[in-house]
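Side chains are part of it too, since the values below use all heavy atoms of this structure and drop only hydrogens, waters and symmetry mates.
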Amino acid sequence: MLNDEDCGFCMRFGPMVPRLGVDIDRSTVQSVGLEAFGIDAERAMLEMPYVHPDGRVDYRHRAIASILATGPLPWRLVGRLMTTRPVEPLARRAYHWVAANRSRLPGGTPSCELAAR
């Protein structure tokens with residue numbers, strides 16, 4: 001899971017994720033060689049990437065779904081549901097809303113604003 005280290009909301013949210021019991025490593029977009037993973041730096045600043053152990057990369061709500069799918073029930077089930085036909089449009093919109101408003105959410109700062117990127 002790669003967070004934006006310049007975003008207060010991302011850095012506040014990121015450490016909470018492992019507490020769900022998920023089996024992931026967490027780092028920042030700025031501290032890894034994105035090119036090695038085939039990740040576009042500009043996209044990574046707008047859409048949170050998750051790099052699977054096999055090298056595949058998911059972004060946005062699919063990244064969160066993949067992260068949750070590594071954890072115990074009920075998180076594994078929630079992760080799988082987030083990519084099903086009836087739920088995915090809602091998950092996509094929810095992720096978009098959070099990303100668009102992350103500067104206003106707890107821990108958010110002006111540097112979190114997507115427009116500033």
Side-chain angles (χ1 to χ4, degrees):
M1 174 177 149
L2 301 174
N3 292 111
D4 175 4
E5 72 182 20
D6 295 328
C7 175
F9 171 75
C10 294
M11 294 308 290
R12 184 175 180 169
F13 166 74
M16 294 180 192
V17 175
R19 295 182 200 160
L20 300 175
V22 296
D23 185 19
I24 63 161
D25 292 324
R26 195 176 68 80
S27 193
T28 63
V29 170
Q30 293 87 346
S31 68
V32 299
L34 297 177
E35 307 80 33
F37 298 110
I39 296 173
D40 176 67
E42 191 172 318
R43 182 176 184 187
M45 297 305 286
L46 300 173
E47 304 172 354
M48 185 189 76
Y50 169 68
V51 181
H52 291 264
D54 67 5
R56 289 178 298 125
V57 180
D58 284 325
Y59 295 89
R60 303 179 316 261
H61 69 287
R62 287 188 163 261
I64 293 171
S66 294
I67 291 166
L68 293 175
T70 70
L73 288 175
W75 300 119
R76 189 170 49 238
L77 180 61
V78 170
R80 289 186 180 141
L81 285 173
M82 286 176 67
T83 60
T84 62
R85 179 174 275 172
V87 179
E88 186 162 31
L90 298 172
R92 185 182 307 114
R93 278 187 282 243
Y95 181 90
H96 178 73
W97 185 89
V98 169
N101 291 286
R102 65 188 191 176
S103 64
R104 296 182 194 106
L105 297 173
T109 64
S111 66
C112 301
E113 287 188 46
L114 294 180
R117 307 220 167 240

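- In this structure, NE2 in H61 is found 6.5 Å from CE in M82, a value given to the nearest 0.5 Å.
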Between F9 and V98, does a side chain to side chain contact (heavy atoms under 4.5 Å, CB included) hold up when you go through it step by step?
CA-CA 10 Å; F9 171 75; V98 169; 3.7 Å; yes

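- With sequence neighbours excluded, no residue forms a ring pair (Phe, Tyr, Trp, His ring centres under 6.0 Å) with Y95.
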Checking side chain to side chain contact (heavy atoms under 4.5 Å, CB included) for the pair M1/V22: CA distance, chi angles, key distance, verdict?
CA-CA 11 Å; M1 174 177 149; V22 296; over 6 Å; no

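- In terms of the side chain to side chain donor-acceptor pair (under 3.5 Å) criterion, residue partners of D54 (sequence neighbours excluded) are, by chain and number, R56.
- A65 and G79 make their closest contact through CB-O, 3.2 Å (heavy atoms, listed as atom of the first residue, atom of the second, distance).
- Judged by distance alone, the side chain of D40 and the main-chain N or O of R43 form a donor-acceptor pair under 3.5 Å.
- Annotation: side chain of I24 is in contact with side chain of Y50 (closest heavy-atom distance under 4.5 Å).
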Please set out all donor-acceptor pairs under 3.5 angstrom arising from side-chain atoms of residues 66-74, sequence neighbours excluded.
residue : atom : partner : partner atom : Å
S66     : OG   : H52     : NE2          : 3.4
S66     : OG   : D58     : OD2          : 2.6
S66     : OG   : R62     : O            : 3.0
T70     : OG1  : D23     : N            : 3.0
T70     : OG1  : I67     : O            : 2.7

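- Under a hydrophobic clustering in which Ile, Leu, Val, Met, Phe, Trp and Tyr are joined whenever their side-chain heavy atoms come within less than 4.5 Å, directly or via other members, I64 and L81 fall into different clusters.
- With sequence neighbours excluded, the residues that form a side chain to side chain contact (heavy atoms under 4.5 Å, CB included) with R12 are M16, P106.
- The two residues G8 and C112 come nearest to each other via the heavy atoms N-SG, 3.2 Å.
- In this structure, I39 and V51 have side chains that are in contact, with non-hydrogen atoms separated by less than 4.5 Å.
- Summarising the geometry, atom CG belonging to D4 is positioned 3.5 Å from atom CE belonging to M45; distances are rounded to the nearest 0.5 Å.
- Both V32 and V57 are members of a single hydrophobic cluster when ILVMFWY side chains are connected at heavy-atom separations under 4.5 Å.
- Note: the hydrophobic cluster containing V17 also contains L105 (ILVMFWY, side chain heavy atoms under 4.5 Å, direct or indirect links).
- In terms of the side chain to side chain donor-acceptor pair (under 3.5 Å) criterion, residue partners of S31 (sequence neighbours excluded) are, by chain and number, S27, T28.
- In this structure the side chain of L34 reaches within 4.5 angstrom of the side chain of L2, judged on heavy atoms.
- By the side chain to side chain contact (heavy atoms under 4.5 Å, CB included) test, P89 pairs with R92, R93, sequence neighbours left out.
- V29 places none of its side-chain heavy atoms less than 4.5 Å from the side chain of E5.
- With contacts defined as side-chain heavy-atom distances shorter than 4.5 Å, the pair Y59/M48 does not qualify.
- Residues C10 and R102 form a side-chain contact, since some pair of their non-hydrogen atoms from C-beta on lies under 4.5 Å apart.
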